[in-house]
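Reckoned from all heavy atoms, side chains included, excluding hydrogens, waters and symmetry mates.
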Amino acid sequence: MNVKELPITRSGVIPLLIIVQAIVLLPLWFFIPSWISATTIAILLGKYYMYRQGVHAPRWILLVVVLLCVGGVFLQFKTLNGRDAGIGLISLMYAFKLLEARSYRDASLILFISFFIVVTAFFYSEAIWMGVYLLIAVLAILLGLVALNSPQGAQGIGSLGKLSGVTLLQAIPIMVLLFFFFPRSSTPLWSMPTDTQAGSGIDDTMSPGSIGALHTFDDIAFRVDFDGEVPARSEMYWRGLVLSEFDGFTWFKDQHSPIRQELDLPMTQTYQYRIQMEPNNRNWIFGLEDLAEAPDGAYLFSDFTWNRRRQTTQRFIYSATAYDIDFSQKPLSELQLDRYLQLPTGSNEDTREWAQEQRQNHPSNEAFIRWILSYIHQNEFYYTLSPPVIEIDSVDGFWFDSQQGYCEHYAGAFVYIMRAAGIPARVVTGYQGAEYNPYGDYYIVRQSDAHAWTEVWLDGEGWRRIDPTAAIHPSRVEEDLRGDASSRDGWMEEFGADVGFEAPEGLLQNLALRWDAIQSFWSETVMGYSQDMQFGWLRKLGIERHQYRYLGYGLLATIILAGLIFGYFVLRSAQRLEPVTKHYLLLLKKLEKLGIPCDRTMGPKDVLQVTRATSQKTYAKAAPALKTYIALRYQQEAIDSTMLKRFKQQVSRV
């Protein structure tokens with residue numbers, strides 16, 4: 001019987017196809033626009049209704065609906081290209097294909113396309129739960145293929161599911177082999193830019209409240225795995241951006257900062273680490289101060305920040321080294337002095353005049369810096385996430401009126417005062433601190449760790465990091481922020497003791513850290529298995545890059561050999577599992593030796609008739625065995641062990 005000629009309306013095939021499509025599309029429904037998700041669900045339900053009613057939708061109606069959906073996607077995204085628009089359109093066309101499916105070819109095409117559609121979920125999430133779910137989806141697709149090629153359709157779903165599961169398990173060794181040895185690209189196959197520029201994390205501007213808004217976000221910014229010595233938490237300043245331009249309210253990144261080619265400064269290596277950065281749709285990446293050389297895929301600016309050539313839309317893993325750089329023998333250029341002393345005219349004049357007056361009392365830069373920090377410590381400055389709103393002259397309003405703010409208020413005001421006093425200074429934004437995960441031996445930096453600090457230039461020393469928020473008296477720190485403030489710059493320990501305490505971790509915290517360790521392993525080892533990682537461990541096996549093609553030849557030969565061995569064992573297993581067929585073939589061989597013109601292409605009834613016509617003597621011996629075989633094979637649902645034993649005995653007597 002040719003299965004391809006059977007209608008797909010046979011028992012359970014179409015409902016199973018609908019279930020398969022729903023499983024494949026389910027992860028996408030959480031990311032694509034809601035109207036596209038609702039439309040695909042309506043199409044699947046409409047197909048089930050038509051299946052139950054035995055009707056088909058007119059093709060002209062399908063054409064109109066398809067055109068409307070294509071137009072809707074274009075209006076939504078203003079394009080049909082890109083990740084979101086492309087996946088939205090593919091999801092709709094995938095569902096419509098089932099709506100018009102009427103033949104075996106249509107159904108098989110849907111199932112084979114499903115293998116490609118299911119991978120698109122990785123465009124949105126590379127989490128371990130997504131990998132497990134997609135494995136289940138592949139099993140469902142295999143079940144659909146088995147049912148489609150079964151004459152009984154989806155009847156006996158248990159046996160069909162067992163066959164699908166065994167097939168998937170048999171494919172896993174080859175999947176693992178291909179994963180480790182198949183040549184890999186420099187980026188994941190599903191890597192593509194997003195259609196939106198929105199992202200989470202540190203931005204390239206800073207205004208009052210911009211960093212404080214991140215304090216409530218517990219999302220992970222990146223994970224850090226140190227190789228060897230680990231710095232104290234108070235020294236974990238993860239440098240991201242330098243903001244040197246100020247318009248009176250907002251600080252901006254210098255748009256003309258040149259790329260640094262090579263550092264000619266004395267430096268000493270301090271820490272080595274590896275960062276696993278989460279997608280944030282930003283170009284800049286973060287590193288532990290001081291930054292001296294850019295990791296692969298990035299470049300170093302003259303202000304010692306790193307940028308990538310493209311936005312981080314996929315998880316980015318890179319290795320880096322921190323250095324202790326000696327700036328003492330390299331003065332600032334005239335251009336740099338102008339940049340780091342720049343102040344806008346016509347704004348925050350009160351603070352400017354106050355800073356210039358106070359500078360008269362403290363002629364040295366060092367003495368003036370310490371006096372300003374002492375001023376913050378001794379006066380009524382508060383560290384809070386909910387300061388009063390200041391609409392204009394943000395520095396004047398903060399320094400003289402509210403005296404309440406988060407790190408960006410203090411950093412911005414401190415740099416303004418330093419510049420007004422003639423001391424080159426700049427704002428640095430990034431993250432401070434980290435949470436240690438003992439179950440994975442790495443550190444977690446979250447969006448809530450976002451922070452702003454400052455750097456001042458001192459002749460004979462170079463850039464010195466100063467964190468003015470550490471100068472705030474502990475009694476004036478908002479309770480939820482005390483742990484943050486007490487862990488800030490160790491250079492300011494003289495202005496206050498550490499008043500925070502670390503509560504013992506509970507069950508939920510331990511479970512969260514354990515899960516994050518598993519997720520980190522999955523992200524770095526499986527999803528982050530890159531070309532460099534592959535070359536790295538292959539080199540340990542003695543295989544160099546120029547020998548890589550021989551590895552491909554060996555991989556192909558291994559797969560072919562594995563297929564042959566697998567086929568051999570399958571055939572042997574099939575023979576062991578089919579004793580009826582085995583003894584029937586033995587019976588045919590005996591009849592051929594006795595002069596009966598028969599072979600395995602003939603049915604048992606035909607063999608019985610040929611035997612009767614050729615030799616009555618042979619017929620008398622063979623007829624009982626042939627009749628028992630017919631009963632075993634065609635007249636019973638299950639093989640009776642007693643009849644099977646009798647059949648073997650009858651064959652032996654021929």
Side-chain angles (χ1 to χ4, degrees), residues 196-222 237-255 257 277-286 303 305 307 311-312 342-344 347-348 351 381-399 401-419 425-433 445-455 465-470 472 477-478 480-481 484-485 488:
T196 175
Q197 299 300 314
S200 60
I202 298 293
D203 209 344
D204 58 354
T205 62
M206 186 189 77
S207 54
S210 60
I211 295 181
L214 294 174
H215 185 80
T216 58
F217 287 89
D218 205 36
D219 298 341
I220 294 176
F222 51 88
Y237 280 80
W238 305 99
R239 189 185 192 87
L241 292 164
V242 168
L243 310 180
S244 57
E245 297 182 1
F246 186 53
D247 65 358
F249 188 82
T250 302
W251 290 88
F252 299 90
K253 181 181 183 298
D254 184 3
Q255 301 300 318
S257 182
M277 193 167 75
E278 295 297 314
N280 58 13
N281 285 350
R282 303 286 194 264
N283 290 87
W284 44 92
I285 60 176
F286 302 88
D303 57 10
T305 59
N307 256 36
Q311 293 180 341
T312 304
Q342 171 266 336
L343 287 176
S347 67
N348 301 291
T351 305
F381 285 92
Y382 288 85
Y383 191 44
T384 176
L385 285 170
S386 53
V389 177
I390 304 173
E391 296 183 354
I392 57 174
D393 290 343
S394 59
V395 177
D396 284 353
F398 163 71
W399 195 253
D401 298 330
S402 72
Q403 296 186 334
Q404 299 179 36
Y406 196 51
C407 60
E408 62 266 34
H409 296 80
Y410 289 91
F414 186 84
V415 171
Y416 188 94
I417 292 171
M418 291 297 108
R419 291 186 177 186
R426 59 193 185 185
V427 175
V428 183
T429 59
Y431 299 90
Q432 199 282 319
V445 179
R446 303 181 184 276
Q447 296 296 348
S448 56
D449 296 319
H451 190 54
W453 60 97
T454 72
E455 289 179 339
R465 181 185 70 229
I466 295 179
D467 192 343
T469 57
I472 305 169
V477 176
E478 192 174 272
D480 292 340
L481 300 177
D484 295 337
R488 302 300 186 200

Does Asp247 have any side chain to side chain contact (heavy atoms under 4.5 Å, CB included) partners at least two apart in sequence or in another chain, and if so, which? Phe249, Thr250, Phe252
Taking every heavy atom of Ser402 against every heavy atom of Ile390, the minimum-distance pair comes out as OG-CD1, 4.0 Å
Could I get the full list of side chain to side chain donor-acceptor pair (under 3.5 Å) partners for Trp238, not counting sequence neighbours? none
For Arg446, the salt bridge (Lys or Arg N to Asp or Glu O under 4.0 Å) test, sequence neighbours excluded, returns Asp218, Glu435
To the nearest 0.5 angstrom, please state how far the NE2 atom of His409 sits from the OH atom of Tyr383. 11.0 Å
Would you compute the distance between atom CD of Glu408 and atom OG1 of Thr429 and round it to the nearest 0.5 angstrom? 10.5 Å
Taking only residues two or more places apart in sequence or in another chain, which ones pass side chain to side chain contact (heavy atoms under 4.5 Å, CB included) with Asp396? Asn348, Asp350, Thr351, Asp393, Phe400
Contacts of type side chain to side chain donor-acceptor pair (under 3.5 Å), residue Gln404, not counting sequence neighbours: none
With sequence neighbours left out, write down each residue that passes side chain to side chain contact (heavy atoms under 4.5 Å, CB included) with Gln403, or none if nothing qualifies. Glu380, Phe381
Going by the rule ring-ring contact (aromatic ring centres under 6.0 Å, His included), which residues pair with Tyr416 if we only count those two or more places apart in sequence or in a different chain? Phe246
Under 3.5 Å, which donor-acceptor pairs link side chains of residues 202-214 to any protein atom two or more places apart or in another chain?
{"unit_1": "Ser210", "atom_1": "OG", "unit_2": "Ser207", "atom_2": "N", "d": "3.2"}
{"unit_1": "Ser210", "atom_1": "OG", "unit_2": "Ser207", "atom_2": "O", "d": "2.9"}

Determine the minimum heavy-atom distance between Cys407 and Ala452, stating which atoms define it. SG-N, 3.4 Å
Starting at CG of Asn281, measure out to OG1 of Thr312 and round the result to the nearest 0.5 Å. 8.5 Å
For the OG1 atom of Thr454 and the CG atom of Asp467, what is their distance to the nearest 0.5 Å? 7.5 Å
List for me each residue that meets salt bridge (Lys or Arg N to Asp or Glu O under 4.0 Å) alongside Glu455, sequence neighbours excluded, and say none if there are none. Arg239, Arg426
Measure the CD-OG1 distance between Gln432 and Thr469 for me, rounded to the nearest 0.5 Å. 8.0 Å
Step by step, would you call Tyr431 with Gln447 a side chain to side chain contact (heavy atoms under 4.5 Å, CB included)? CA-CA 8 Å; Tyr431 299 90; Gln447 296 296 348; 2.7 Å; yes
Indicate the atoms forming the closest heavy-atom contact of Gly248 with Pro344, along with that distance. N-CG, 3.5 Å
Going by heavy atoms in the side chains, are Ile472 and Tyr410 under 4.5 Å from each other? yes
Mind listing the closest non-hydrogen atom pair of Ser448 and Tyr406 along with its distance? O-OH, 4.4 Å
Could you pull out all residues at least two apart from Phe414 that satisfy ring-ring contact (aromatic ring centres under 6.0 Å, His included)? none
Can you give me the closest heavy-atom contact between Thr384 and Ser386, atom names plus distance? OG1-N, 3.1 Å
